[in-house]
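In this text, all values refer to a predicted model and were calculated from it rather than measured experimentally.
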Amino acid sequence: MSNVRNTGEKRLRRVHYYPGCSLMSSARDFGTSLFQMFRLMGTWVEPLEDWNCCGASPAHSVNPDYATLLAGRNILLAERQGIDDLYVVCPSCFVRLRTAEKILATDASMNAKLAKACGREYEGGVRLKFTPEILSDAPSVFEKAVVNPLAGLRGVLYFGCLLTRPEWITGFDIRPYEKKLKKLVNVLDVETLDWSHSKQCCGSHLAVTKPDMVDGMVDRIRDHARRAGANCIIAFCPLCQVNLELRGKEVEPLPVFYISELIGLAAKLPGHEGWVKKHLVDPRPLLNSLGLV
């Protein structure tokens with residue numbers, strides 16, 4: 001399958017992505033900002049056709065086999081559709097799909113179960129990639145596009161716990177990746193602060209079954225962000241973003257931006273003013289105080 005799409009104006013690099021449930025619901029603003037950002041990069045994005053929920057986050061805790069089959073069907077669809085590189089937006093989805101791919105590649109009995117459920121076995125022809133990997137190698141593109149420098153924003157990068165999984169699951173070493181993303185945020189004129197909780201768990205899906213526990217985890221993250229001097233948090237995961245804005249009881253919340261939203265604000269991409277209105281913690285007072293909107 002060709003990786004280039006001719007739009008009639010110019011030839012764009014084509015990227016296929018797995019949307020996941022959050023991008024179609026609670027993180028819709030993340031999706032729209034991400035797609036605008038891709039266009040800025042000269043990239044055309046297309047979703048995996050007929051995708052289904054991958055089971056993130058709790059399915060593997062209830063039935064590991066079913067969780068593998070749920071995620072495995074998406075990988076099999078990508079293979080059938082001739083997709084070599086499938087980009088995954090959500091870290092939870094990314095880890096579930098990567099884990100399923102590893103299991104199917106090494107466990108013949110599980111691959112046979114997938115064939116029974118979906119009509120054929122997975123042959124190992126799909127590379128799974130975490131979507132922000134594209135961002136980390138393109139800081140110059142965004143630096144040139146900045147027309148509204150985000151001076152005054154002091155953010156802490158929050159990666160969450162999922163990206164600290166072993167490299168055989170994630171496919172990359174988080175340490176140089178962190179440096180690249182920090183550089184990317186800095187070209188937007190956002191000050192990034194060092195802190196101790198960039199990879200601490202926010203509680204994930206336990207927010208449903210054990211909300212009091214998650215409130216405490218989120219309060220601790222917010223507290224450390226405020227101690228570092230931050231006036232916002234920069235996140236990469238839809239579930240983490242919701243938890244960090246919705247949960248917690250004792251510590252005053254901070255606005256939690258997606259990195260693609262910051263790029264949209266700095267470059268004034270189409271629709272950027274509407275994205276910030278959808279946050280559970282309204283970032284507009286902060287942005288207005290800094291003259292950024």
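Shortest non-hydrogen contact noted between Val126 and Ile75 is CG2-O, 3.7 Å. Contact detail for Leu150 and Leu262: the closest heavy-atom pair is CD1-O, 3.4 Å. Nearest heavy-atom pair, Val95 versus Thr99, reported as atom, atom and distance to 0.1 Å: O-OG1, 2.7 Å. Looking at every heavy atom in both residues, Gly72 comes nearest to Leu104 through CA-CD1, 3.7 Å. The two residues Pro19 and Leu48 have their closest heavy-atom pair at CD-N, 4.5 Å. Closest non-hydrogen pair, Asn148 versus Leu265, comes out as ND2-O, 3.2 Å.
Using a cut-off of 4.0 Å between Lys/Arg side-chain N and Asp/Glu carboxylate O, Asp85 and Arg127 are scored as salt-bridged. Between Asp107 and Lys113, none of the side-chain N atoms (NZ, or NE/NH1/NH2) sits under 4.0 Å from a carboxylate O, so this pair counts as no salt bridge. Salt-bridge formation is detected for the pair Lys199/Glu178: a Lys NZ or Arg NE/NH1/NH2 atom is positioned less than 4.0 Å from an Asp or Glu carboxylate oxygen.
Side-chain atoms of Pro211 and Arg247, non-hydrogen and from C-beta on, do get closer than 4.5 Å to each other. No side-chain heavy atom of Thr43 sits under 4.5 Å from any side-chain heavy atom of Tyr87. No side-chain heavy atom of Cys93 sits under 4.5 Å from any side-chain heavy atom of Cys53. Using a 4.5 Å cut-off on side-chain heavy atoms (C-beta onward), Val185 and Leu181 make no contact. When side chains are defined from C-beta on, Leu153 does not count as touching Ile234, because their heavy atoms never get closer than 4.5 Å. The side-chain heavy atoms of Leu76 and Arg120, taken from C-beta on, include a pair separated by under 4.5 Å. Within the 4.5 Å cutoff, no side-chain heavy atoms of Ser260 are placed close to those of Trp275. Contact of the Glu252 side chain with the Arg222 side chain is not registered, since no non-hydrogen atoms from C-beta on lie closer than 4.5 Å.
Distance CZ/Arg226 to CG/Leu254: 4.0 Å, rounded to 0.5 Å. In this structure, CD in Glu191 is found 9.0 Å from CG in Asn186, a value given to the nearest 0.5 Å. Remark: Leu86 CG to Leu97 CG distance equals 7.0 Å, nearest 0.5 Å. Rounding to the nearest 0.5 Å gives a distance of 9.0 Å between OH of Tyr18 and SG of Cys90. A distance of 11.0 Å separates OG1 in Thr68 from CG in Asn111, rounded to the nearest 0.5 Å. The OH atom of Tyr17 lies 8.5 Å from the CG atom of Leu34; values are rounded to the nearest 0.5 Å.
Between the side chain of Glu79 and the backbone N or O of Gly125, at least one donor-acceptor pair lies under 3.5 Å. Not a single donor-acceptor pair under 3.5 Å links the side chain of Asp65 to the backbone N or O of Met110. The closest donor-acceptor contact from the side chain of Ser198 to the backbone of Tyr158 lies at 3.5 Å or more, if one exists at all. Formation of a donor-acceptor pair under 3.5 Å by the Arg96 side chain with backbone atoms of Ala71 is not found in this model.
Leu280 and Met217 are assigned to two separate hydrophobic clusters, defined by single-linkage of ILVMFWY side chains at heavy-atom distances under 4.5 Å. Transitive grouping of hydrophobic side chains (ILVMFWY, heavy atoms separated by less than 4.5 Å) keeps Val251 and Leu246 in distinct clusters. At a threshold of 4.5 Å between side-chain heavy atoms, the hydrophobic network of Ile, Leu, Val, Met, Phe, Trp and Tyr places Met213 and Val242 in two separate groups. Transitive grouping of hydrophobic side chains (ILVMFWY, heavy atoms separated by less than 4.5 Å) brings Val146 and Phe142 into a common cluster. Taken together through direct or relayed side-chain contacts under 4.5 Å among Ile, Leu, Val, Met, Phe, Trp and Tyr, Leu184 and Leu40 form part of one hydrophobic cluster.
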Go through it in stages, so that I can follow the logic: the residues are Glu273 and Val293, the test is side chain to side chain contact (heavy atoms under 4.5 Å, CB included), and I'd like the CA-CA distance, side-chain angles, deciding distance and then a yes or no.
CA-CA 8 Å; Glu273 293 179 347; Val293 292; 5.8 Å; no
Evaluation steps, side chain to side chain contact (heavy atoms under 4.5 Å, CB included), between Glu245 and Ile233
CA-CA 10 Å; Glu245 287 202 335; Ile233 298 174; over 6 Å; no
Side chain to side chain contact (heavy atoms under 4.5 Å, CB included) for His279 and Arg284? Distances and angles first, verdict last.
CA-CA 10 Å; His279 283 249; Arg284 286 174 292 180; over 6 Å; no
Applying side chain to side chain contact (heavy atoms under 4.5 Å, CB included), run through Phe257 and Val190 and close with a yes or a no.
CA-CA 12 Å; Phe257 293 105; Val190 177; over 6 Å; no
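Using bins of under 30°, 30° to 60° and over 60° for the plane-to-plane angle, the ring pair Phe30/Tyr258 lands in the parallel bin. Taking the six-membered ring for Trp and thresholds of 30 and 60 degrees, Trp195 and His197 have ring planes inclined between 30 and 60 degrees apart.
In summary, of the residues considered (Arg73, Gln81, Arg80), a side chain to side chain donor-acceptor pair (under 3.5 Å) with Asp50 occurs for Arg73 alone.
In this structure, Lys268 places its NZ atom where only 12 or fewer heavy-atom neighbours from other residues, nucleotides or ligands lie under 6.0 Å away.
Checking Asn243 against Ser204 by side-chain atom types alone, no donor-acceptor pair falls below 3.5 Å.
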